[in-house]
Amino acid sequence: MDFENFLLKAEDHLTRKIPFVLYRKPSDPLVKGIFQRDEHSFFLSDFTERGFVFAPFNSNKPALLLRPDEQVSTSYQHGANKTGQLTEPPAADTQAQQFHLDLVAKGIAKIKAGDLEKVVLSRNIEARGHHSPLKVFQTLLNKYITAFCYLWYHPVSGLWMGATPETLVSIRKNELTTMSLAGTYSYQDGKPPVWTTKERKEQGLVTTYLLDKLRPFTTALELTEENAVRAGQLWHLMSQIRGRLKKNELGEVIRALHPTPAVCGIPLEVAKDFILEKEGYDREFYTGYLGELGLDGESDCDLYVNLRCMQLVNDMALVYVGGGITAESDPQSEWGETVAKSNTMLKALFNS
Ligand SMILES: C=C(O[C@@H]1C=C(C(=O)O)C=C[C@H]1O)C(=O)O
């Protein structure tokens, strides 16, 4: 199918409110689409299902599953990646800023009291008057070639889009790969990132946690040195983890990993309760996960963490952003980090 017809098919599904997803894996020349034939809602139950999963942050809530009635793929020629100023950046919101500064200060206090080691705190930003969803999706494809880019629609969740740098887990014939991604530094032309102990510690906590979680399920667990990876106008620290599953325990592995401390915290339950109680809004599918389940082979999956994402509600976009807090965090810089992260989606919304 050519790209134009691919977009027309998506447009038609959107108009008729029938579930579908368009996605492109990191650096892949193909853009794929999965389309349901009707508006029926399916939910993930035991991970033996086949389809495309869209799971919320709160693992006590149901994950949506797209039934793969029709799978299409198309090659995509990257257009120009225009840079420049946003045409309509959302106005500065001092109330939202104060709320976030207070939230981060509460997080730091809880860490200093010894109840937590790390917690990821987030917010969402309203932006109005953006380009059409399919146009924005094409901008994501052009701008963020190394990200997993998607546009998801389901009547239950609404319309979501994103360009995430983070893999939750990928399993092919029992070979497992994942990554520990944390620590953020703003990209500046020609300058390499400079990491402090704060970012190294933040990322190290995620690595140790993932290795501990994976050890019971795997043999030959390997870890690469951390290095800087670019995600749009940001750098992150990333190390890769590989292992071989002892037996086919896909569901158990996914349940053990989600949510990782890259998006929740340590200890998991204390961090999760703190987030649900104190953030003051519902993350919904932000920091959940999404991707293929059982599509290449039974018990295979290719799942990504839903970061650098947004929800589109009529002419309004809700952009979701957060950052990891440790004892060394400073509320003002954490605020700045969420502003920098929000530009990943805002530039695509207003600057196509
Ligand atoms: C929570 C987000 O990103 C996560 C937090 C990071 C950090 O605190 O430095 C970096 C990458 C992600 O693991 C987000 O983008 O909203």
Side-chain angles (χ1 to χ4, degrees), residues 56-57 100 103-104 107-108 111 116-125 140 144 146-149 160-169 178-187 193-207 209-210 226-241 257-266 271-272 274-275 279 281 283-290 303-311 318-331 333-348:
F57 165 68
H100 195 74
L103 175 68
V104 172
I108 298 171
I111 292 168
L116 272 172
E117 249 188 295
K118 175 182 176 179
V119 62
V120 178
L121 297 174
S122 71
R123 63 192 184 99
N124 64 10
I125 300 162
L140 295 183
Y144 307 119
T146 57
F148 177 86
C149 296
W160 285 73
M161 262 191 260
T164 175
E166 187 162 338
T167 300
L168 176 68
V169 64
T178 182
M179 62 168 67
S180 162
L181 185 99
T184 303
Y185 193 89
S186 282
Y187 176 84
V194 183
W195 303 107
T196 66
T197 42
K198 190 241 165 202
E199 289 90 28
R200 292 199 184 277
K201 179 177 160 193
E202 207 179 316
Q203 198 254 348
L205 285 173
V206 179
T207 307
Y209 179 96
L210 292 176
E226 74 270 19
N227 53 46
V229 287
R230 204 177 143 186
Q233 293 303 103
L234 300 168
W235 290 103
H236 298 301
L237 274 172
M238 193 268 275
S239 25
Q240 276 187 327
I241 298 172
L257 289 178
H258 172 71
T260 75
V263 297
C264 184
I266 302 171
K272 193 175 166 189
F274 186 86
I275 289 167
E279 275 188 341
Y281 84 104
R283 288 187 179 190
E284 297 198 18
F285 293 89
Y286 161 66
T287 61
Y289 62 88
L290 75 164
L303 302 173
Y304 297 82
V305 183
N306 199 8
L307 296 176
R308 318 297 140 79
C309 66
M310 60 192 169
Q311 184 180 13
L318 275 174
V319 177
Y320 293 78
V321 279
I325 312 301
T326 59
E328 292 78 22
S329 290
D330 161 54
S333 358
E334 296 299 339
W335 166 259
E337 187 173 315
T338 61
V339 172
K341 283 176 175 164
S342 72
N343 283 332
T344 308
M345 285 301 108
L346 292 175
K347 283 194 173 166

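Whatever order the structure lists ligands and atoms in, that order sets their numbers, starting from 1. The chain is numbered in sequence order, starting from 1.
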What residue and heavy atom of the protein are closest to [atom], and at what distance?
atom	result
atom 9 (O) of ligand 1	T184 OG1, 2.5 Å
atom 5 (C) of ligand 1	K341 NZ, 3.4 Å
atom 3 (O) of ligand 1	R308 NH2, 3.4 Å

Measure across [X] and [Y] and return the closest heavy-atom pair with its distance rounded to 0.1 Å.
X	Y	value
F57	H258	O-NE2, 3.1 Å
A231	H236	CB-CD2, 3.9 Å
M161	M345	O-SD, 4.3 Å

Sub-4.0 Å atoms of ligand 1 with respect to non-hydrogen atoms of [X]:
X	answer
V321	16 (O)
A262	4 (C), 5 (C), 13 (O)
G323	8 (O)
E166	12 (C), 13 (O)
E337	7 (C), 8 (O), 9 (O)
G183	7 (C), 9 (O), 10 (C)
V120	1 (C)
E202	7 (C), 8 (O), 9 (O)

Salt-bridge contact [X]-[Y] (side-chain N to carboxylate O under 4.0 Å):
X	Y	value
E334	K198	yes
E279	R123	no
R200	E226	yes

Check V119, T287, I275, V120 against C264 for a side chain to side chain contact (heavy atoms under 4.5 Å, CB included) and give me the one that passes.
->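 Passing option: I275.
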Would one find an N or O of [X], backbone or side chain, under 3.5 Å from an N or O of ligand 1?
X	result
H236	no
G324	yes
L181	yes
Y286	yes
T287	no
L307	no

Strictly by modelled atom types, are Q203 and S180 linked by a side-chain donor-acceptor pair under 3.5 Å?
->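 Judged by distance alone, the side chains do pair up.
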Do T326 and E328 get their side chains close enough for a donor-acceptor pair, meaning under 3.5 Å?
->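 On atom types as modelled, these side chains qualify, holding a pair under 3.5 Å.
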Checking side chain to side chain donor-acceptor pair (under 3.5 Å) for the pair S122/Y281: CA distance, chi angles, key distance, verdict?
-> CA-CA 9 Å; S122 71; Y281 84 104; 2.8 Å; yes
With a distance cut-off below 6.0 Å to the six-membered ring centre and an angular limit of 45° from the axis, does R283 pair with Y320 as a cation-pi contact?
->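 The answer is no; the distance or angle limit is not met.
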